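Note sheet for the following structure.
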Amino acid sequence: MITRFAPSPTGYLHIGGARTALFNWLLARQQGGKMLLRIEDTDRERSTDAAIAAIIDGMQWLGLTWDGDTIYQFARAGRHREVAEAMLAKGAAYKCYASAQELEEMRDLARKEGRPPRYDGRWRELGGTQAEADALAEGRKPVVRLKAPREGETVIQDKVQGEVRFPNKDLDDLILLRSDGTPTYMLAVVVDDHDMGVTQIIRGDDHLTNAARQTHIYQAMGWEVPAFAHIPLIHGPDGAKLSKRHGALGVDAYRAMGYLPEALRNYLARLGWSQGDREFFSTPDLIEAFSLDQVHRSPARFDYAKLENMNGQYMRATSDEALLAIFLETLPYLPNGEALAAQVDETKKAQLLRSMAGLKERAKTLVELADGANFLFAQRPLSYDAKATEILKPEAKAHLAALAPRFAALTDWTAAATEEVVRAYVAETGAKLGQVAQPLRAALTGRGTSPGIFDVIEVLGREEALGRIADAAA
RNA sequence: GCGCCCAUCGUCUAGCGGUCUAGGACGUCGCCCUUUCACGGCGAAAACAGGGGUUCGAGUCCCCUUGGGCGCGCCA
């Protein structure tokens, strides 16, 4: 089986495209086949190198590897033209001299008569006639159109949509070659998929009608039609196709939001595909379990809350060492992450690793993880957030002042030793543990939330911890 | 306008004619655990769009209505 992912580089790799790529990848891996990557850059106006780089970067981050060289569609224009010429030669295509204005009128008329706005095929049989000579004399440049069947229907056997029938009268003679001789998308896709040996096309269901039209091209060339699978688009919270206004961001944005690739893969796969009640699929499980006939036909809405929850579960399930590695790798992409990354040395790494167990339990994303780890990077004197300020009332400061010499007297700076100090203090004074622990937390982290406070004390080290306590007690 | 697709809790979904007083997950709300926040545990509220059929029996099959989506370029 050969699948392919064929994005047009007019923007970043958006989340819907990523899911399409994921499905192609999953199936190819499962079948021991190949997934090819083709960049559909025939729109010279809108295609950019930056977009190509973003797509490739996004796929790499998501771990969606493709086989063989990346194909650039524009580079194959000569071949596309050659196929159009062949179709012209065998009478499967014809030249059309209709002007933009004529086309406009045709569409208006069709609409008025309750028909789909289509080209009427007026140049179908005019090749070599006086009409063509006249058009040429006027200096008109023709487009090449497919001579599509007008009777009967075209049937698509779709792995997701099932059998879908289109009356041929509703499918017009699509343009193969523009008047400037460049190939259109319709022609290019078919030629490329054929030449690349693609056997299974998985793409968004916005292409479903294109499948029928493209089938006509395959048939005209006598080529085998690949299997189709048109998957529903991802929708935003309002049920409309996910677009920029919903924050349909590039996958790089999801990296910056601190999601793990494996969690995102799992979430994306489960969106519109299911196997019973099961929610969690590791990537190997996904490869094994994925199946097109369990892909739903109805579109699903993208839900950040569920993604976050899933991501949190993945983080917690990841070992401290592995999560640290991912964290450090991702840090430069996180908001303000570069500044933090610059401060990471062996000491910081060790502190992070030591804190990871407590940190990851409190974070649903790497951004939250970075936020939680902030106390390791903060410089004295700390700035306190609202919660910490609230905690550091006079009586809290009194506790800190009383505790400071007891900590200072410690010879053994460990979580256990400091905890013992605090417990003894609590027992003596009759204070509640929380009345002491919370001020410590505020003093040491500047927050109302952190990993276990005794772990924090140990990780920070004697000097830094005592300094922060003194700062807060003042 | 025309064509195609879709329709179970707010969201993702299970359900493939009787096991459905409709199950799970996220989210929401309670309670418990607890040094905070989390995590974890327990529990609650929450859905078969409507109407006709078919059938002994329909969330499950058919039709219509309604609602939503996608498509209809010398864009891809």
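Predicted model only: the values in this text are computed from it and were never measured. To find a chain, count down the sequence lines: A is the first, B the second, and so on, and within it residues start at 1.
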Q | Centroid-centroid distance, A:W66 to A:F5, less than 6.0 Å | A | no
Q.
Taking any heavy-atom pair under 4.0 Å as a contact, classify A:R107: base, sugar-phosphate, or nothing.
A. sugar-phosphate
(Q) Please classify the nucleic acid contact of A:R278 as base, sugar-phosphate, or nothing, using heavy-atom distances under 4.0 Å. (A) nothing
**Q.** Pair A:W123 + A:Y97: ring centers closer than 6.0 Å
**A.** yes
**Q.** Nucleotide nearest A:L103 (side chain, heavy atoms from C-beta), chosen from B:C74, B:U13, B:A76
**A.** B:C74
(Q) Between B:U11 and B:G69, how far apart are the two P atoms, rounded to whole Å? (A) 14 Å
Q. If you measure from the P atom in B:A14 to the same atom in B:G67, how many Å do you get, rounded?
A. 26 Å
Q: Considering only atom P, compute the distance from B:U13 to B:C6 and round it to an integer number of Å.
A: 14 Å
Q. Distance between the P atoms of B:U34 and B:A25, in whole angstroms?
A. 25 Å
Q.
In this structure, is the centre-to-centre distance between the rings of A:H207 and A:F228 below 6.0 Å?
A. no
(Q) As a test of reading the structure: which of B:U35, B:C70, B:A76 is closest to the side chain of A:L233, going by heavy atoms? (A) B:C70
Q: Would you classify A:L271 as touching base, sugar-phosphate or nothing, given that sugar-phosphate means primed atoms plus P, OP1 and OP2, and contacts are heavy atoms under 4.0 Å?
A: sugar-phosphate
(Q) With rounding to the closest Å, how many angstrom separate the P atoms on B:C39 and B:U60? (A) 38 Å
Q | First encountered from the 5' end of RNA chain B, between A:R165 and A:T449 | A | A:R165
Q: Give a yes-or-no answer on whether the side chains of A:T365 and A:N311 include a donor-acceptor pair shorter than 3.5 Å.
A: no
Q) A:P117 has a side chain; which of B:C5, B:G69, B:C72 sits nearest to it? A) B:C72
(Q) Using the rule side-chain hydrogen bond (donor to acceptor under 3.5 Å, both in side chains), only one of A:R124, A:R213, A:K147 pairs with A:D173; which is it? (A) A:R124
Q) Per the atom types in the model, does the base of B:U35 pair as donor or acceptor with the side chain of A:R441 at under 3.5 Å? A) yes
Q: Once you apply the 3.5 Å cut-off to both distances, tell me the Watson-Crick or G-U wobble partner of B:G43, or none.
A: B:C29
Q: Under 4.0 Å between any heavy atoms, over every strand shown, what does A:S450 touch: base, sugar-phosphate, or nothing? Just pick one.
A: base
Q) Does NZ or CZ of A:R76 fall inside the cone over A:Y72's six-membered ring, less than 6.0 Å from its centre and within 45° of the axis? A) no
Q) What integer number of Å spans the C1' atoms of B:C48 and B:C20? A) 10 Å
Q) For B:A7, what is the paired nucleotide under Watson-Crick or G-U wobble rules, both distances under 3.5 Å? A) B:U66
**Q.** B:U34: pairing nucleotide in any strand, Watson-Crick or G-U under 3.5 angstrom
**A.** none
Q: Check every atom of B:G27, B:G73, B:C12 against the side chain of A:N309 and return the nucleotide holding the closest atom.
A: B:G27
Q) Base, sugar-phosphate, or nothing: which does A:E361 touch, judged by heavy atoms less than 4.0 Å apart? A) base
Q: Could you measure between the two C1' atoms, the one in B:A47 and the one in B:C62, and give it in whole Å?
A: 24 Å
**Q.** Interatomic distance at P, B:A22 relative to B:A45, whole Å
**A.** 11 Å
Q.
From C-beta outward on A:R297, which listed nucleotide comes closest to its side chain: B:C4, B:A14, B:C6?
A. B:C6
Q | Residue whose nearest RNA chain B nucleotide is more 5′ - A:Q438 or A:R270 | A | A:R270
Q: Using both distances under 3.5 Å as the test, list the Watson-Crick or G-U wobble partner of B:C2, or none.
A: B:G71
